[in-house]
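Labels below follow one simple rule: chain letters A, B, ... track the order of the sequence lines, proteins then strands, and each chain is numbered from 1. Just the heavy atoms: all of them, side chains too, but no hydrogens, waters or symmetry mates, feed the values below. Everything quoted here is computed from the prediction, not taken from an experiment.
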There are 4 protein chains.
Amino acid sequence: MTINEETLNLQLDLSKPLYEQILYQIRYAVARKDIALGSRLPSVRELAQQLRVNPNTVMRAYQELNRDEIIETRRGQGTFITTKSHKIQHIRNNMAAEAIKSFTDTMKELGIERQAAISLLEEGEW
Amino acid sequence: MTINEETLNLQLDLSKPLYEQILYQIRYAVARKDIALGSRLPSVRELAQQLRVNPNTVMRAYQELNRDEIIETRRGQGTFITTKSHKIQHIRNNMAAEAIKSFTDTMKELGIERQAAISLLEEGEW
Amino acid sequence: MTINEETLNLQLDLSKPLYEQILYQIRYAVARKDIALGSRLPSVRELAQQLRVNPNTVMRAYQELNRDEIIETRRGQGTFITTKSHKIQHIRNNMAAEAIKSFTDTMKELGIERQAAISLLEEGEW
Amino acid sequence: MTINEETLNLQLDLSKPLYEQILYQIRYAVARKDIALGSRLPSVRELAQQLRVNPNTVMRAYQELNRDEIIETRRGQGTFITTKSHKIQHIRNNMAAEAIKSFTDTMKELGIERQAAISLLEEGEW
DNA sequence: GTGGTCTAGACCACA
DNA sequence: GTGGTCTAGACCACT
């Protein structure tokens, strides 16, 4: 199955690095399991054209995803989401762990206690 | 009272902008109320020497803090923590709000429910 | 649309900080609506060369305008006037309010009454 | 007659150049005719002590006032407001003229018409 | 001594 | 090509 740009539904904000936004959003989609393992991503040129960005920008995002083994590029065939589900699980865990660490670090820095911090979270809309 | 570098205890990491790290760490120290209002910070040249960075780098950090009214620079006299405690409170609130938003946004992206997220926080050491 | 230096027509005076003059004059041009929202400003290096100042000096002016959200800088792409027209309106109002406060304060200091001050304004050429 | 610090009632703000504030406030007091011509000002040391500033700072303010012939220093006797009333009148006119020029320049820069500007002034409290 | 502005020039990040 | 960070070092403004 090939994923089209609509499925990815990438939202770009010109004030931030484009390649990072592409990278993060694809990574999230994978981690959230919105995209089936082994699916084919749009080609670099295709996605670049749809997003109206430079192909180099998409290329760079794909390269980093490749490096993290989230996607696999098969010469002559295209780019695919990895089929190794443990990779996905690993990424998902990392993202959650990072978010938690960042949050608790900030709270510690501000001297806000665990219970107080959790209360703040419970108050919010969510 | 004059604050020395040991009190600030700045930790610099070459992978991120130096002036930002200086800025953020001083801001945290103020938000955490580790530094008395109205205290005098080390001079630009002094801190630069201790951190082994260029004075312009320290200056830039100080100028941004000055613009946010966290510190007051007085030419010929030195640099001082603001005496306006409501400014400090405001910064503190902003920092906490940002941390919360960033955390909940990530959890939503990953499709982790509120209660599950809070459980994750409760598990950790803290 | 890209703005050239002739449209900006910047006049620099060595007795005042150069970066401030650049900053103020661009801000005025935007407030006066001489520049279309979303236009691209000259690049840092380009403007520096035309004004015969160091690129860092132009950069500093751009950075302050960026912080005030009057312009948006996009790394690799250039510098653009904000498209948020309410920002512009806000700046315009602030500038007028400051001018009025400064004028009335001086008149009060000199003990010149409201009507007398207005008469002085009416006499001038304008 | 000797003027004491209470008559001058100088208000200093540490975030701005001290010598300028002293200079401006004395100049205003003279222009507003709060101080009789020929009066004796406090000595540099005396005023410095009362304001808790460095004598050099007061000295510099006095020097500039001297240069503008607003005050006269008589060796061994002290510092006096000039007795030349045309000087005072001249200063007063200059200050008013400057305030007007600055105001009208800003309004022109913003493209606000004469009548609109005057309306703005009439609206304010004053 | 303090902070503030400016230059020249290196090197990095992004499109 | 764009903007962003950093350095070394000059010179100015203020106390």
Toward the 5' end of DNA chain E, by each residue's nearest nucleotide, A:V53 or B:E46
B:E46
Name the residue closer to the 5' end of DNA chain E, choosing between A:L14 and B:S43 according to the nucleotide with the nearest heavy atom.
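The residue closer to the strand's 5' end, by nearest nucleotide, is B:S43.
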Is it true that a side-chain atom of [X] and a backbone atom of [Y] form a donor plus acceptor pair closer than 3.5 Å?
{"X": "C:Q89", "Y": "C:H86", "value": "no"}
{"X": "B:R40", "Y": "B:G78", "value": "no"}
{"X": "C:Q25", "Y": "C:Q11", "value": "yes"}
{"X": "C:R74", "Y": "A:S15", "value": "no"}
{"X": "D:T106", "Y": "D:S102", "value": "yes"}
{"X": "A:R60", "Y": "A:Y19", "value": "no"}
{"X": "D:R32", "Y": "C:L110", "value": "no"}
{"X": "C:S39", "Y": "C:I35", "value": "no"}

Going by side chain to side chain contact (heavy atoms under 4.5 Å, CB included), name the residues that satisfy it together with [X], two or more places apart in sequence or in a different chain.
{"X": "D:K16", "answer": "D:D13, D:Q21"}
{"X": "B:T7", "answer": "B:I3, B:N4"}
{"X": "C:R27", "answer": "C:L23, C:Y24, C:L65, C:D68, C:I70, C:I91, C:M95"}

For C:N54, answer base if it contacts any base atom (sugar-phosphate contacts may also be present), sugar-phosphate if it contacts only those atoms, and nothing otherwise; contact means non-hydrogen atoms under 4.0 Å.
base
For D:R52, answer base if it contacts any base atom (sugar-phosphate contacts may also be present), sugar-phosphate if it contacts only those atoms, and nothing otherwise; contact means non-hydrogen atoms under 4.0 Å.
nothing
Range on DNA chain E touched by chain A - first to last nucleotide, heavy-atom distance under 4.0 Å
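Extent of the interface on DNA chain E: E:dC14 to E:dA15.
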If you assign each of D:T57 and C:R40 to its closest nucleotide in DNA chain F, which residue comes earlier from the 5' end?
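Its nearest nucleotide lies further toward 5', so the answer is C:R40.
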Under a 4.0 Å heavy-atom cutoff, the residues of residues 58-68 of chain C touching DNA chain F are C:M59, C:Q63
Dot-bracket line, read 5' to 3' along DNA chain E, where crossing pairs take [ ] and | marks a partner on another strand, Watson-Crick or G-U under 3.5 Å:
||||||||||||||.
